[in-house]
**Q** 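After the structure tokens below, expect a handful of questions from me.
Throughout, protein chains are lettered first and strands after them, A, B, ... in sequence-line order, and every chain is numbered starting at 1.
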Amino acid sequence: METFLTILLDGLQFSSYLFIVSAGLTIIFGVMKILNVAHGSFYAWGAYTAAFFIGKFSDMGMPDAMGFLIIIAAAIVVGLILGFVIEQGILKYMYHRDEVLIVLATFGLFLVLEDIILIAFGTDPYFAYQPMALLDSVELGGIIRDVYGLTLIAVAALVALGCWYLLNKTKWGTLLKAVIYDREMGISMGINVPLVYTLTFIGGAILGGLGGAYIAPTISVAPGLGTEVIVLSFAVVVVGGMGSIAGAAIGSIIIGILRALAVHELPQVELFVVFAVMAVVLVFRPEGLFAPAKPRKI
Amino acid sequence: MKHNYLARAVGLAAISAMTLGAGSALAKDAITIAVPSFLTGGAAGPFGIPAMNGAKMVADAINAGKLPAPYDSKGFGGATATIEAIDEGGGATKQVAEYRNLVEKRGVDAVVGYISSGNCQALAPIAEELKQFTIFATCGTPRIFEEAPRKYVFRTMGHATADNVAAAMYVKEKYPDLKGYTGINQNYAWGQDSWRDFDLTLKQIMPNSMASDKTQFPKIFAGQYGSEISAMSLDKADLIHTSFWGGDLEAFIFQGNARGLFKKKIGVFTVGGTAAYRLGKKLPDGLVLGARGPYGILVRDRDSALNQWFVNTYKNLYGTYPSGPAYQYGQAILAAKIAYDKAGSDASDEALGDALRGITFESFSTTVEMSLGGGHQAVTENGYGITKYDDENGENVVTDVKFYPGSCIMPPEGVNSVDWIKGGMKGAKC
Amino acid sequence: MLEDKTSKFVLFGGVLIILAGAFAPNWIVNQFMFGFSRALAIVGLMVLWRTGLVSFGHAFYFGLGAYAVAILDIQLGVTDVFLRLLAGALVAGLAGFLLGFILRNYRDIFFAMLNTAISMVLFGIVVKTESLGSTDGFAISMSTIFGLAPETKYPLFVIITSVGVIAALLVNYYLKTTYGRLTTAIRDNEIRVEYLGFSVAHAIHLKYTISTILAGGAGALMAMSLGQVDPESMINWTVSGELVFVTILSGPGNVIAPFIGSLVFEVLRTYAFELAPQAWQLIMGATFLTIIFFLPGGIWSLLEKLGGRKNGK
Amino acid sequence: MLVVKSLDVDINGTPILRDIGLTIDNGEIIGLIGRNGAGKTTFLRSVMGLIPVNAGSVLHGRDEINKLPGYKRAHMGFGYMPEDRRLVPEMTAEQNILVPVWSTGIEDFQSRLQWIYKIIPECQKFRETPATSLSGGQQKLVALARALMVGKNLLLLDEPTEGIAPVLALRMGEILASLKAEGVSIIIAESNDAHVADVIDRTYVIERGSIVSD
């Protein structure tokens, strides 16, 4: 029972982290049909920016609670700047090109952004433990947990709720859905698709940055951060169904829990399990477990 | 500062290229030493950069003839050495390709460095193939000199067996009632060897303590250990062994500390030394801390002239006390000087090897005996201590430091580490 | 099969390079060995790319080929260069043939992703299995040729170049056969191809298998020329990305292109790494973006423009 | 109201339309008749601004709109109905019809909706039905209604009677006739003008990307 609860919590915590990052990836894919490899860099940039400023402000004697503000600010600033610059500077000129070629372009961007981090922040790892230290720890199911890690679950739930509300309860969501389903029809119905693209990309980038910024206090923020996370989010997005927020949620939960289970019970398969699930889903349900409905053909 | 450093490295590379182009006279007045270390990736800050700093500081002092006696002669056999900084990141295969370039394209005179055991293991046969005088500075897997005899490859510090046998002995002395132990180690040669040696030694010397059946081997540079920490928290074992180093080490300490892991369990950190200066108050008290030998925080107060020169010069140059990697790289550069002094600056790779093989020399913090692996593998003492934050001075110190002589913690010549431990560590002189 | 310009050029160029290699310094010979080993995989990816398929997971086959050499070496002590090459190509080709039954039904992003997933499964297994060398991988002993251990790298260089020449000639020939020609046609309109009485699935399956044999052979040759295999540089997704990178860099125009592209890549990386050890990825990435934007036909199209003529398509 | 002059369009380097010219006056209904693959859809899409054109001009009144982004043409009152309907599956029929309202900010959309329902009463009947549950023909009516919502000036209809039950095809003819009575300008692309011949004022025949007669 203790183990069960622990695995569940570990799994959910990992799922939450995966979800925040993958939500951004899947939104960008859904609307723009771009599988953005550079998303891993948004994550890394979010983490670096947050860690850098949390450290700086802490040195200046600001209260540690500022850290939470910085996390949010870092995500927004990173998303706005990187999202805008990349979409307007590069991707905009590629929309008429082959889908796969755009993936490759984002791979090139990924390589570039990784090294710019190195040049901008140096090689020394950053620590931003203040927000985590502030929240202390609790005992749950026989083991001590840091409260900060648990808030990750709440943040993920908020992101999910926010996305759901935006998509289903607002005029914006209606338009977004139209573009997601068919870009050309979106244009024909008068939707300013270029603007939708720019905003979507920025929004997705903010989520990627938020994933990094929020996780930053719990890790040592060091170069190479984005390489791992991007394939993991690919797995999540593929398992759930590319372009679906609900899919990203389900995908995160499946992969997060499976991984936690593996770490506890069979540590050797921890890495393998994630990608095996991805491959199996692709083989049997290439559209993902949460494939969106299709209209009748006749 | 690091940017300066990069610019300087590029500049030096250019200069060295020109010197090479100019053609070298018979008795060289300039040599090029390639120094690979982690300049990128999570291991750079805590490990790679201090290591490179140590190498550069010692090389500069040697070039200027400013090392304390007996090393106060100018240069490497009289020649001025240019240090070429090489990034060790990117995996063993990339390093192999890069090493071939270093030797065959850039024509460096010596290669001194390498932190990762994976890289050393991959490069040892290549160095032999290319007949290139190479000193491994820090990497720890014992396999390098146990798998095959080497002619051109040396290692100037003890290997993983020494770290972990010493750790086990220290644990036995400090915690004689230990019931069980588990471990978290990276899933490559270094982590696997470290755990194996520690586990086997404890089985020998503390047969009543039980090893956990769920030891963790996360991928190197994984960075997030939430589930692993939970799993170890639930484990009955009361001690956690880890050979984590660099960024992984620091991440693990943070995450474990936030979750009270080190309040419930004894932490044994065989490469923990680097964290002591970097983490300050964030390093929990009561950890069993090693530095892979008599280096860094464990030997800060040793008052030999060489050691005081090392500590003070480093502090002045880089604003912090030197950690293990700085010592280890400095020591390897020193060994290169000794070899060049003996063999001459224009010596062949063979002659340099002959000069270093089997010798004993006084290094900054300890005596190094090149007595294993046919005179290619160093033996030194190794020590452990317990961390404690010193509120008065605002820094970490280690208490209860205990050193074990090299002959006590490393197998005698010709015996493989694992067999030696399994056989009850025969011939150990403690 | 030797009457066209390309074949003649391949043969002539191959002989010239082999001869020149005897006088070249070691590091240049190395660059050619690495470049030509990789080029083999690129030739396969080029065949796929012409059909509109981009695999973001061919490091799987590349890695299989490399690890086949390593396992043979460690378990059975096989050091013969031809046995090693054959083993690498066969293991990868067999895996590719079997997986081809599934993959031939996938297109676009799904094809790319399923390949990634498969390759990452292997990555996950190798990294976590100590008997497979985990993150370290294995050192590979020197290859022998008919029982003889060569003193220098030159014989291996000759073999790699010859393998490259043979592969280029075969693929060039294949691309002229009926099934080989079904490339752009499939990309543009599969249904039309089916109407003409060809099976798109079969055509793709064949191309896929060819590409995996070549990738496996490439991995085996790379392992032999480097003397080392490890998952990070042989199987991880970034390696697949690199392979695709070189494919785009080379351009789909001609079977010679992958060889030129791979060499350029190798040299570019060597110098980027030497000049800017902390920014070499940036240089590579920027080059890649530039190619995608301004040179969609890759280096080959540039050569064509410079040469002012179309070399047999 | 719309003049197209010597339009050239390539797709992936293959020329699809060559030197196409066409005019349509206010309230006129013209037919663009040609076989599958003749370039009808490409023509409609380029008028709608969905694909870039290589050469030629599209004049709306006196304005050159060739470089105008597609969505702005919708704001100008162009409505497009694609051959394959393309309703947003997770919305009801009425939600689909209302999408252009949200994007272009039509103010009196209620009266416009009532006007549409008057002409196509079927749509009112299944306004709450999810798009996925509609038959192909029903979807076509909804797609027409959606195009009408925004298409105050010009309707571009791609194969409105193609691929649906004959009864519905007849019905579509009737609807087009009533639109004619309302004075809407329409370009109808059809491979077979059987159901729409009566409402068409003029016919252009398109073959292999060129107008061969008008």
**Q** Would C:R38 count as a cation-pi partner of C:F265, with NZ or CZ less than 6.0 Å from the six-membered ring centre and within 45° of the ring normal?
**A**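 No - C:R38 does not lie over the ring of C:F265 by the 6.0 Å and 45° rule.
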**Q** Any side-chain heavy-atom pair from C:H58 and C:T212 closer than 4.5 angstrom?
**A**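 Yes, close enough: below the 4.5 Å cut-off.
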**Q** Examine whether an atom of C:T129 lies under 4.5 Å from a heavy atom of chain A, and if so say whether it belongs to the side chain, the backbone or both; otherwise answer neither.
**A**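 Interface part for C:T129: neither.
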**Q** Using non-hydrogen atoms and a 4.5 Å limit, figure out which bit of A:V273 sits close to chain C: side chain, backbone, both or neither.
**A**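 For A:V273, neither part sits under 4.5 Å from chain C.
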**Q** Heavy-atom distance under 4.5 Å to chain A: side chain of C:I248, backbone, both or neither?
**A**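 For C:I248, side-chain heavy atoms alone lie under 4.5 Å from chain A.
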**Q** Quick check for you: among C:F123, C:F111, C:Y106, which has the greatest number of heavy-atom pairs under 4.5 Å with chain A?
**A**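 Ranked by contacts with chain A, first place is C:Y106.
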**Q** From A:L258 CG over to A:E270 CD, what is the distance, rounded to the nearest 0.5 angstrom?
**A**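 Output value for this atom pair is 12.0 Å.
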**Q** Relative to chain A, which segment of C:A279 carries a heavy atom at a distance below 4.5 Å: side chain, backbone, both, or neither?
**A**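 When you check distances to chain A, atoms from both the backbone and side chain of C:A279 fall under 4.5 Å.
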**Q** What verdict does the side-chain hydrogen bond (donor to acceptor under 3.5 Å, both in side chains) test give for A:T198 and A:Q88, after you've listed the backbone C-alpha separation in whole Å, the side-chain angles of each residue and the deciding distance to 0.1 Å?
**A** CA-CA 7 Å; A:T198 311; A:Q88 285 295 301; 3.3 Å; yes
**Q** Give the member of A:V100, A:L104, A:L35 that has the highest number of heavy-atom pairs under 4.5 Å with chain C.
**A**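 Heavy-atom pair counts peak at A:L104.
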**Q** Highest number of heavy-atom pairs under 4.5 Å with chain A: which of C:S119, C:G285, C:G52, C:A286?
**A**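 Most heavy-atom pairs within the cutoff with chain A belong to C:G285.
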**Q** Count the heavy-atom pairs under 4.5 Å between each of A:V238, A:V277, A:V231 and chain C, then report the option with the highest count.
**A**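 It is A:V231.
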**Q** What is the distance from atom CG of C:D136 to atom CD of C:Q228, rounded to the nearest 0.5 Å?
**A**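 Result: 8.0 Å between the selected atoms.
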**Q** Determine the option with the most heavy-atom pairs under 4.5 angstrom with chain C, choosing from A:L101, A:V103, A:T227.
**A**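 It is A:T227.
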**Q** Carefully, step by step, assess C:R269 and C:E242 under the rule salt bridge (charged side-chain N to carboxylate O under 4.0 Å, His left out).
**A** CA-CA 11 Å; C:R269 186 161 72 168; C:E242 221 165 70; 3.5 Å; yes
**Q** Which atoms of A:A235 come close to chain C, meaning under 4.5 Å heavy atom to heavy atom: side chain ones, backbone ones, both, or neither?
**A**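 Neither part.
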**Q** Could you look at C:L114 and say if it's the side chain, the backbone, both or neither that has a heavy atom under 4.5 Å from chain A?
**A**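 Both backbone and side chain.
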**Q** Based on non-hydrogen pairs under 4.5 Å, which of A:I230, A:D115, A:L271 is most in contact with chain C?
**A**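 Counting heavy-atom pairs under 4.5 Å, the top option is A:D115.
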**Q** Does a side-chain heavy-atom distance below 4.5 Å link A:R97 with C:I292?
**A**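 They are in contact (side-chain heavy atoms under 4.5 Å apart), so the answer is yes.
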**Q** Does A:F110 have its ring centroid less than 6.0 Å away from the ring centroid of A:H39?
**A**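 Centroid separation for A:F110 and A:H39: 6.0 Å or greater.
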